[in-house]
Amino acid sequence: MSSGGASPSDWLLEVNNLACGYNGATVVNNIHFALGHGDIGCLLGPSGCGKSTILRALAGFLPLTAGEVRLQSRAISLPGRTVAPEQRKIGMVFQDYALFPHLTVAGNISFGLRHSSRAQRQRKVAELLDLVHLKDLAQSYPHELSGGQQQRVALARALAPEPTLILLDEPFSNLDADLRRRLSLDVREILKSLGISALLVTHDQQEAFAMCDQIAVLRAGSIQQWDEPYNLYHEPVNRFVAGFIGQGGFIPGKALGPDAIESELGIIRGNRAYKWPAGTQVDVLIRPDDIVFDAESSLKPKVVEKTFAGTSTLYRFKLSNDTEFEALFRSHLDFQLGETVPVRVEADHLIAFERG
Ligand code: ADP
């Protein structure tokens with residue numbers, strides 16, 4: 001399931017068939033992925049699917065019941081053998097920052113450098129303060145900082161001991177949407193500038209897409225797909241990934257051949273070949289950006305929902321009892337509830353699954 005390009009020994013982190021859980025109950029199973037040097041990976045999925053559990057296992061807080069975790073080719077977790085968290089060279093950043101309230105920003109960052117000389121510590125702290133743009137706040141205390149600033153300190157603190165890998169557990173969840181977006185891009189830039197690998201846990205796909213090179217989509221304790229963001233969106237391997245990633249919904253159709261489907265929206269063609277025989281009943285994924293306004297079109301669904309979002313408006317259209325779909329139009333195309341609107345499908349992909 002790992003992406004190609006690197007031979008196994010080139011991976012920084014390898015997770016093979018990992019299983020673990022709590023009190024004898026398995027929570028995650030058959031977890032398999034690998035992360036290259038300098039790559040940022042992500043565990044993405046709905047709440048409760050097991051993302052943090054995997055992170056805890058990688059950090060060494062939770063023993064494995066099956067499989068293995070390798071860091072730089074060295075096995076750090078096997079059933080019955082768990083290298084202690086502090087011996088893994090793995091840094092962690094948590095949702096609640098977990099800063100020491102009685103230590104200054106500089107004190108927090110140098111906390112993991114107790115074994116370095118004073119001069120080394122000072123140099124490292126100055127370097128990291130510069131990197132996370134907090135030079136002027138070295139002597140401030142955590143309660144004097146905004147959430148975004150506190151999370152920068154937490155990142156600097158995790159980076160100080162020069163870990164091999166950084167694990168980030170929902171690091172931006174306590175921040176408002178705007179700051180979240182900005183900070184996730186900043187953190188990506190910081191990690192990339194240092195060439196440090198990281199694994200992010202989030203339920204927010206915008207964040208995952210903005211920050212990560214590879215994403216695992218999880219459902220109920222297992223990885224559905226481990227892939228680049230582009231492929232998750234354009235080539236989801238199953239219905240769950242297709243529905244979870246991006247917006248969109250399914251309409252019914254009938255296969256005409258390996259790359260064409262007949263539906264109430266007309267014949268939809270794609271650039272990938274499916275193996276099903278002609279006549280197979282399928283569900284076709286329609287994304288809001290697959291639908292365009294076309295004054296000439298004879299296809300005229302009715303507006304049943306309308307969500308204004310500034311520069312664009314998301315419409316829900318109904319063509320028949322079976323066929324409803326969404327479309328995203330620029331706001332100047334303003335239609336009213338109940339109005340019929342001429343549209344056509346303009347999709348360069350065909351994502352469909354056999355009807356179960
Ligand atoms: P996520 O991070 O995707 O939200 P978690 O890994 O936190 O999910 O939780 C996955 C499952 O494991 C949930 O059903 C949760 O109730 C259970 N779980 C998490 N932590 C513990 C724990 N310490 N003891 C027992 N069950 C737990």
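Count residues from 1 along the sequence.
- Aromatic ring orientation, F244 versus F240: parallel (interplanar angle below 30°, classes split at 30° and 60°).
- The line from CG of L129 to CZ of R152 is 12.0 Å long, rounded to the nearest 0.5 Å.
- Using a 4.5 Å cut-off between side-chain heavy atoms of Ile, Leu, Val, Met, Phe, Trp and Tyr, with links allowed through other members, L43 and V237 fall into different hydrophobic clusters.
- Both I76 and V28 are assigned to one and the same hydrophobic cluster, defined by single-linkage of ILVMFWY side chains at heavy-atom distances under 4.5 Å.
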Assess the residue pair L165 and I196 against the criterion (side-chain contact (heavy atoms from CB on, under 4.5 Å)); give the C-alpha distance rounded to whole Å, side-chain angles, the decisive distance to 0.1 Å, and a yes or no. CA-CA 6 Å; L165 172 71; I196 294 225; over 6 Å; no
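- Between the side chains of R88 and S77, at least one donor N or O lies within less than 3.5 Å of an accepting N or O.
- Residue E189 qualifies as open at atom CD: its count of foreign heavy atoms under 6.0 Å is 12 or below.
- For the pair S331 (side chain) and T311 (backbone), a donor-acceptor distance under 3.5 Å is present.
- Side chains of P252 and D322 form a contact here, defined as non-hydrogen atoms less than 4.5 Å apart.
- For the residue pair Q206 and D204, no side-chain donor N or O sits within less than 3.5 Å of a side-chain acceptor on the partner.
- Classification of K124 and E127 as a salt-bridged pair holds, one side-chain N sitting under 4.0 Å from a carboxylate O.
- Atom CG of N271 has more than 12 neighbouring heavy atoms from other residues, nucleotides or ligands inside a 6.0 Å radius.
- Geometric assessment of R239 against the ring of F250 yields a positive cation-pi assignment under the 6.0 Å and 45° thresholds.
- By the 4.5 Å heavy-atom criterion applied to side chains, R272 and E235 are counted as neighbours.
- Side-chain N or O atoms of H37 include one that pairs as donor or acceptor with a backbone N or O of D10 at under 3.5 Å.
- At least one side-chain heavy atom of F209 sits less than 4.5 Å from a side-chain heavy atom of I245.
- In this structure, R181 places its CZ atom where only 12 or fewer heavy-atom neighbours from other residues, nucleotides or ligands lie under 6.0 Å away.
- A side-chain donor-acceptor contact under 3.5 Å links N16 and E68.
- Between the side chains of D186 and H133, no donor-acceptor pair is found at a separation under 3.5 Å.
- Between P236 and F353, the closest heavy-atom pair is O-CZ, 3.7 Å.
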Might you work through the side-chain contact (heavy atoms from CB on, under 4.5 Å) test for L299 and D294, ending with a clear yes or no? CA-CA 9 Å; L299 206 63; D294 178 357; over 6 Å; no
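- Here E14 contributes atom CD and Q72 contributes atom CD; the two are 11.0 Å apart, rounded to the nearest 0.5 Å.
- When all heavy atoms of A255 and I261 are compared, the closest pair comes out as CA-CG1, 4.2 Å.
- Under 4.0 Å is where a charged nitrogen must lie from a carboxylate oxygen, and between D176 and R182 no such pair does.
- Taken from CD in E170 to CZ in F94, the straight-line distance is 13.0 Å, to the nearest 0.5 Å.
- Remark: side-chain polar atoms of Q122 are not paired, donor with acceptor, to backbone N or O of A119 under 3.5 angstrom.
- For the pair R188 (side chain) and M211 (backbone), a donor-acceptor distance under 3.5 Å is present.
- Between the side chain of E326 and the backbone N or O of I291, no donor-acceptor pair lies under 3.5 Å.
- No more than 12 heavy atoms of other residues, nucleotides or ligands lie within 6.0 Å of CZ in R118, so this atom counts as exposed by the packing criterion.
- For the residue pair K51 and P46, the shortest heavy atom distance occurs at NZ-O, 3.1 Å.
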For a side chain to side chain donor-acceptor pair (under 3.5 Å) check, start with the C-alpha distance between Q224 and N238, then their side-chain angles and the critical distance, and finish with the verdict. CA-CA 8 Å; Q224 307 290 301; N238 62 30; 3.0 Å; yes
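- Considering only heavy atoms from C-beta on, V201 stays 4.5 Å or farther from L44 through its side chain.
- When side chains are defined from C-beta on, L199 counts as touching L55, because their heavy atoms get closer than 4.5 Å.
- To the nearest 0.5 Å, the span separating CG on L35 from CG on L71 amounts to 10.0 Å.
- Using cut-offs of 30° and 60° on the angle between ring planes, the pair F329 and F335 is perpendicular.
- Under a 3.5 Å cut-off, the side chain of E354 and the backbone N or O of V282 do not form any donor-acceptor pair.
- To the nearest 0.5 Å, atoms CZ (R355) and NZ (K254) are separated by 11.5 Å.
- Side-chain N or O atoms of D213 include one that pairs as donor or acceptor with a backbone N or O of I40 at under 3.5 Å.
- Contact between A57 and L64 at its shortest, heavy atoms only, is CB-CD2, 3.9 Å.
- Around the NZ atom of K135, the shell of radius 6.0 Å holds no more than 12 heavy atoms that belong to other residues, nucleotides or ligands.
- T65 places a side-chain N or O within 3.5 Å of a backbone atom of A19 that can act as its donor or acceptor partner.
- Here L314 sits in one hydrophobic cluster together with L328; the rule is ILVMFWY side chains under 4.5 Å apart, joined directly or through other members.
- With hydrophobic clusters built from ILVMFWY side chains whose heavy atoms lie under 4.5 angstrom apart, Y274 shares a cluster with I268.
- Looking at C212 and L200, their side chains come closer than 4.5 Å, going by heavy atoms from C-beta outward.
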Which is it for V341 and L333 under the side-chain contact (heavy atoms from CB on, under 4.5 Å) test, yes or no, and what are the steps along the way? CA-CA 10 Å; V341 179; L333 286 169; over 6 Å; no
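- Taking the side chain as every heavy atom from C-beta outward, Q149 and L134 approach each other to under 4.5 Å.
- In the hydrophobic clustering of ILVMFWY residues, with side-chain heavy atoms under 4.5 Å counting as a link, L350 and L256 come out apart.
- Sorted pairs that involve residues 136-193 and meet ring pair (Phe, Tyr, Trp, His ring centres under 6.0 Å), not counting sequence neighbours, are lacking altogether.
- With rounding to the nearest 0.5 angstrom, the CD1 atom of I286 is 6.0 Å from the OG atom of S263.
- Using modelled atom types, one finds a donor on one side chain and an acceptor on the other under 3.5 Å when comparing S320 with E264.
- At distances below 3.5 Å, not a single donor-acceptor pair connects side-chain atoms of S110 with backbone N or O atoms of L113.
- Relative to the ring axis of Y233, R287 places its NZ or CZ within 45° and under 6.0 Å from the centre.
- With a 4.5 Å cut-off between side-chain heavy atoms of Ile, Leu, Val, Met, Phe, Trp and Tyr, the cluster of F111 takes in F100, L103.
- Under a hydrophobic-cluster definition in which Ile, Leu, Val, Met, Phe, Trp and Tyr are linked whenever side-chain heavy atoms come within less than 4.5 Å, directly or via other members, L168 and L175 are assigned to the same cluster.
- Two residues are said to be in side-chain contact when any heavy atoms from C-beta on lie closer than 4.5 Å; R157 and N108 meet this criterion.
- Scanning both residues, Q139 and A106, for their nearest heavy atoms gives NE2-CB, 4.3 Å.
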Would you sort out whether S116 and R121 count as a side-chain contact (heavy atoms from CB on, under 4.5 Å), showing the intermediate values? CA-CA 6 Å; S116 310; R121 274 203 313 267; 4.1 Å; yes
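- Side-chain contact annotation: R56 with Y22, donor-acceptor N/O pair under 3.5 Å present.
- Between the S184 side chain and the R180 main chain, a donor and an acceptor come within less than 3.5 Å of each other.
- Nearest heavy atom pair, residue K306 against residue L337, reads N-CD2, 4.1 Å.
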